[in-house]
Amino acid sequence: MRKIAVVYSGNSAHYRTFNEPKYRKFIAELIYLPDLLEASLENYDVLIVPSQLNERLLLGAKEKILAFAEQGGVVAAFGPQPWEWLPNQKWEERETNFWWWKEKGASSGLVLAAPQHDLFNYITLEDATWHQHGVFWPVNGAEKLITTEDGGAVLYVDKISTEGTWIVTTLDPDYHFGSYFMPATERFLDGFLPWLAQGKIS
Amino acid sequence: MTQNNDILYLDPGHAFGIGSRESSFIKNNFQLVDQYELEAIDLHEYKCLVVHDFIDQEFMFKQREKVRSFLDAGKIVIFAGHLFKEWLPGCPLFTPKEIHQFTDYEISIAAPHTIFSGVISEEMTFNKGVAGFFARGTHSPVPAGAEVLLTLPGAMPVTYIDRQTTKGTIFVHAGRDLFVNRMQGKSTDRISVQLLQWVHEEYRNLQGAGEKI
């Protein structure tokens, strides 16, 4: 089992999500964001960086998170990223369609780009389907696992930019599960956390 | 100083908040500061503190005495969100509503109030035909003497005003920040403006009551 630490914002959604017993059992430590710079990441294999973190504190921790990845760590980042802190970050904001499934001929527009990947032994495309806030255009050599129909990455794995691994998704299940909204987000986390803990990431 | 600087709006600094940071409505009517600045700020000159749903409640818990003193000085605190730490006087922790069908999200006006005047209930319940954005639970039981404004089915309080617990006024809404209800071309746009007007009126009433004593 990989040892997982989570950056904890203190907001109500993150409080609920990361204290939920079925997820908490995969988490070795919640590191309170204001304490992140002083915290030791040495004992951890994976650092989860949730969505919607305080801009100033997140950007202040950018070098520390990068250093963790350069030591071979796995960083999992959730949600829209309007500020640059991921390596080779290329984020494209898109208007969020919260109600696509109410429209005629509804399609979520999501594509399973790497169906053989071990992540999909843990989740299905449907479990990753609620809405997106935008897409990433990752560096060449990164592996896109879930994309939009035009090839924008909704979830990708980047082992190119650093010595470690970046699992980056525009999806924000940490927020939605924690705010009691969008049931697919629970199925996503039910599979994603066990995969992070013991799945084949490469 | 104009009145637009006397409502302190704590900005969680989160990605979804970018729009609010750039909004002229917010800039013109609030003093927007990073949430962590609350620790150092002298609240004396402010009449109202707005606490957003993405607020760091671990931090607010450390600031709870400051919040209490502010209220006991006859001021106003507006909190929209899901309380999980007891930093807000009298407010019970959030409990989610059990949801079986979309009608479980139906919002009702429990008591007419200027804040929700002219707002159509269905337009709070539904956003482009989807229910559930507005509120999904409650802070119950509400403090003794609190005025319940909005409810979910089963008379579950969603929004209340508490003038009993402190010498000030506490407005609690178990949902997202109500000041984002603007420019959507719906009757819910009235909420942001009317809530703002209410703050100024409520403060006048609070200070007037203080003078009588």
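Chain naming here is simple, since letters A, B, ... match the order of the sequence lines and numbering starts at 1 in each. Note that this is a predicted model, so its numbers are computed, not measured.
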Original post:
Counting only heavy atoms not in A/K22, do more than 12 sit closer than 6.0 Å to its NZ atom?
Top reply: yes
Original post:
Quick one: are A/P34 and B/Y36 in side-chain contact, heavy atoms under 4.5 Å?
Top reply: yes
**OP:** Answer with side chain, backbone, both or neither: which region of B/F61 has an atom nearer than 4.5 Å to a non-hydrogen atom of chain A?
**Re:** neither
Original post:
Does any heavy atom of chain B fall under 4.5 Å from the side chain of A/N19, the backbone, both, or neither of them?
Top reply: neither
Original post:
Hey, mind stepping through B/H82 and A/Y180 against side-chain contact (heavy atoms from CB on, under 4.5 Å) and telling me if it holds?
Top reply: CA-CA 10 Å; B/H82 297 171; A/Y180 302 91; 4.1 Å; yes
**OP:** Could you check B/Q57 against A/Y15 for side-chain contact (heavy atoms from CB on, under 4.5 Å), going step by step and ending with a plain yes or no?
**Re:** CA-CA 9 Å; B/Q57 294 191 40; A/Y15 177 82; over 6 Å; no
Subject >> Under 4.5 Å from a heavy atom of chain B, the part of A/L57 involved >> reply: side chain
Subject >> Greater than 12 external heavy atoms within 6.0 Å of B/K66's NZ >> reply: yes
Subject >> chain A contact via B/I55 - side chain, backbone, both or neither, heavy atoms under 4.5 Å >> reply: backbone
Original post:
Rounded to the nearest 0.5 Å, what separation is found between the NE2 atom of B/H14 and the CG atom of A/L58?
Top reply: 13.5 Å
Subject >> Other residues, nucleotides, ligands: >12 heavy atoms within 6.0 Å of B/E86 CD >> reply: no
Subject >> Atom pair CG/CG of A/N54 and B/D11 - distance to nearest 0.5 Å >> reply: 7.5 Å
Original post:
So do the side chains of B/D53 and A/S179 get within less than 4.5 Å of each other, counting heavy atoms only?
Top reply: no
Subject >> B/D34 side, atom CG; A/E55 side, atom CD - distance, nearest 0.5 Å >> reply: 9.0 Å
Original post:
From B/F84 CZ over to A/R16 CZ, what is the distance, rounded to the nearest 0.5 angstrom?
Top reply: 13.0 Å
Subject >> Over all atoms of both residues, closest heavy-atom pair of B/A15 and A/P80 >> reply: CB-O, 4.3 Å
Original post:
Which atoms of A/S51 come close to chain B, meaning under 4.5 Å heavy atom to heavy atom: side chain ones, backbone ones, both, or neither?
Top reply: neither
Subject >> Within 6.0 Å of CD in A/Q71, more than 12 heavy atoms from elsewhere >> reply: no
**OP:** Using the side-chain contact (heavy atoms from CB on, under 4.5 Å) rule, take A/W83 and B/I18 through it: C-alpha gap first, then chi angles, then the decisive distance, then the call.
**Re:** CA-CA 11 Å; A/W83 310 298; B/I18 288 179; 3.9 Å; yes
Original post:
Measuring from B/R176:CZ to A/F181:CZ, what's the distance to the nearest 0.5 Å?
Top reply: 10.5 Å
Subject >> Any donor-acceptor pair under 3.5 Å from A/R56 side chain to B/G13 backbone >> reply: no
Original post:
Out of curiosity, A/S9 OG to B/D56 CG, how far, rounded to the nearest 0.5 Å?
Top reply: 6.5 Å
**OP:** Report, as yes or no, whether the 6.0 Å neighbourhood of atom CE on B/M183 holds more than 12 heavy atoms from other residues, nucleotides or ligands.
**Re:** no
